[in-house]
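Read through the structure below, which is laid out as structure tokens, and then see the notes.
In what follows, every chain begins at residue 1, and chains take the letters A, B, ... in the order their sequences are listed.
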2 protein chains.
Amino acid sequence: MAKVDTSLVAHLPLFEGVRPDDLEEILREARSARYPRNTAIFEQGADAQSFFLLLHGHVRAAKTTPTGEQIVVRYVAPGETFGLAMAIGAPHYPATALAVDDSVVLIWPNSAWPRLIDRFPAIAANTLQTVGARLQESHTRILEMSTQQVEQRVAHALLRLAKQSGKKLDHGIEIDFPISRQDIAQMTGTTLHTVSRILSGWESQGLVESGRQRIILRDPHGIVVLAERTADGGSA
Amino acid sequence: MAKVDTSLVAHLPLFEGVRPDDLEEILREARSARYPRNTAIFEQGADAQSFFLLLHGHVRAAKTTPTGEQIVVRYVAPGETFGLAMAIGAPHYPATALAVDDSVVLIWPNSAWPRLIDRFPAIAANTLQTVGARLQESHTRILEMSTQQVEQRVAHALLRLAKQSGKKLDHGIEIDFPISRQDIAQMTGTTLHTVSRILSGWESQGLVESGRQRIILRDPHGIVVLAERTADGGSA
DNA sequence: CCTGGTGTTTGCGATAGCGCAAAACCGGCC
DNA sequence: GGCCGGTTTTGCGCTATCGCAAACACCAGG
């Protein structure tokens with residue numbers, strides 16, 4: 001197994017405040033693995049045995065109900081951790097992680113966690129911050145679902161994706177991994193049909209350009225405007 | 001200011017793994033305060049200067065949109081922490097905290113936080129667990145809002161409240177603080193009108209008994225059944 | 001080049017729940 | 001004991017969005 005260069009990960013929030021030689025020790029406890037597109041990294045409900053740091057690619061974390069409906073909890077971008085079940089005291093993974101693109105991850109056994117935070121308290125503090133940030137995002141999402149209509153929610157979702165994983169183009173921003181109408185529906189609490197209708201509408205207004213599992217924001221600012229619309233159409 | 005007896009708080013999750021004499025030192029850094037019913041403890045957007053531990057009473061954390069709509073993020077029960085903005089790296093409180101009942105809290109200045117987690121790493125770990133638990137709850141809530149209809153969401157909300165803050169009665173469980181239809185609407189992403197209709201319906205079926213800011217679950221099991229209903233009425 | 005399969009578009013009816021409005025209720029305060 | 005303000009109840013029309021169904025488009029593989 002190839003050794004991971006510390007310089008690749010030293011700047012990540014997770015390791016802020018960790019000394020370089022400590023970092024080397026930390027990385028020695030991890031192994032790396034590659035997951036091809038559309039393979040599962042772990043399944044919801046499985047015993048949580050490891051936690052992960054995404055190096056390359058994109059991972060979708062999704063939760064499934066007993067009746068089979070799914071929601072997307074989040075998309076993981078390179079540099080972010082996921083599968084932190086142990087850190088937050090859960091014995092099982094609360095969601096399923098799927099590589100939506102060929103992905104490379106670092107994997108630590110859960111048994112390493114107590115030792116890590118004991119020796120490097122900064123890691124606990126950093127993790128607390130990122131989990132806290134995710135909590136805030138969740139609350140924002142709940143707020144949106146409670147108070148906004150579908151079109152605005154979709155707009156917000158796309159803007160967040162563009163910010164997190166957007167590739168700047170000559171004219172516009174492309175979301176940098178395969179994402180379907182269904183995925184967006186599962187992020188915003190609606191159906192793929194409604195998402196499709198909305199995107200079609202936006203496309204005819206030149207706001208976006210999209211196709212099979214591919215979305216380009218041609219007019220990000222226009223989408224921001226949509227996202228912030230109060231609710232009254234405003235079409236004089 | 002009266003000194004806080006360590007035995008009152010020693011068993012709380014926050015202090016798990018902290019030695020009794022350390023605990024005393026920790027408590028010395030806090031002051032306590034009393035907030036009468038319906039007074040604000042802090043406002044959304046204000047500089048986060050302190051974090052809190054609720055000793056008695058009940059606190060509602062709510063988020064407001066720019067346009068004035070509100071959602072209830074959670075109800076804080078005695079023994080729980082709130083206002084952890086600093087711990088999660090936020091310079092401002094992301095929500096407003098209101099004492100919904102006469103409440104007593106311990107208050108630490110944020111400046112104490114770095115020192116605390118430095119000297120007592122268990123506190124960081126414990127906080128990570130509770131924040132993680134809240135994150136999971138948020139995800140569950142998002143899942144519910146995405147996949148269930150209003151009646152089921154209200155059922156789930158009441159059950160959670162009953163579990164967290166229910167007072168056992170001879171026959172039924174009473175939610176132990178004043179809560180209005182509007183509050184429940186803001187927890188479930190609906191309107192007070194719809195909540196009122198639902199509770200009226202349940203009342204006529206003997207499932208609940210309720211009045212002004214007061215709810216008693218007379219048949220908790222019946223509500224569980226409702227909460228788990230797939231969606232098809234089933235009235236054949 | 002053809003074919004299968006997944007993802008997308010679109011039409012059309014059905015409806016859960018909203019939004020507004022008005023009335024009834026309730027509890028505490030003066 | 002009566003008044004006042006917040007809370008709750010209820011009616012009624014409306015509409016955003018779902019749900020189903022069918023037709024399409026596109027990519028990958030053979």
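One interatomic measurement links the two molecules: CD of B/Gln152 to C1' of C/dA16, which rounds to 12 Å at whole-angstrom precision. For the pair A/Arg153 CZ and D/dA16 C1', the interatomic distance rounds to 11 Å; values are reported in whole Å. Between A/Ile198 atom CD1 and D/dT17 atom C1' the separation is 9 Å, expressed in whole Å. Between the CZ atom of A/Arg212 and the P atom of C/dG5 there is a distance of 13 Å, given to the nearest Å. Separating the CG atom of B/Leu192 from the C1' atom of C/dC18 is a distance of 11 Å, rounded to the nearest angstrom. Residue B/Glu203 contributes atom CD, which lies 10 Å from atom P of D/dT10 at whole-angstrom precision. In this structure, the CD1 atom of B/Ile179 is 10 Å from the P atom of D/dT8, given to the nearest Å. For the pair A/Arg181 CZ and D/dC24 P, the interatomic distance rounds to 19 Å; values are reported in whole Å.
Looking at B/Arg197, its side chain comes within 3.5 Å of the base of D/dG11 through a donor and an acceptor atom. Side-chain atoms of A/His193 and base atoms of C/dT10 include a donor and an acceptor less than 3.5 Å apart.
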So B/Glu203 and B/Glu209, side chain to side chain contact (heavy atoms under 4.5 Å, CB included) or not? Walk me through it.
CA-CA 6 Å; B/Glu203 186 135 17; B/Glu209 192 180 318; 3.8 Å; yes
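For B/Thr190, a side-chain nitrogen or oxygen approaches OP1 or OP2 of C/dC18 to under 4.0 Å. The side chain of A/Thr191 contributes an N or O atom lying less than 4.0 Å from OP1 or OP2 of D/dC18. Between B/Gln182 and D/dT7 there is no side-chain polar atom (N or O) within less than 4.0 angstrom of OP1 or OP2.
Salt bridge status for B/Glu144 with B/Arg160: present, with a side-chain N to carboxylate O gap under 4.0 Å.
Counting heavy atoms from C-beta outward, A/Lys63 and A/Ile71 have side chains that approach closer than 4.5 Å.
A/Gln182 and A/Ser180 form no side-chain donor-acceptor contact under 3.5 Å, judged by distance and modelled atom types alone.
Here the nucleotide nearest the side chain of B/Ser196, chosen from C/dG17, D/dT17, D/dT9, is D/dT9. With distances taken from any side-chain atom of B/Ser200 to the nucleotides D/dT9, D/dT17, C/dG7, the minimum falls on D/dT9.
Under the side-chain contact (heavy atoms from CB on, under 4.5 Å) rule, B/Arg31 has a single partner from B/Val105, B/Leu106, B/Ile107, which is B/Ile107.
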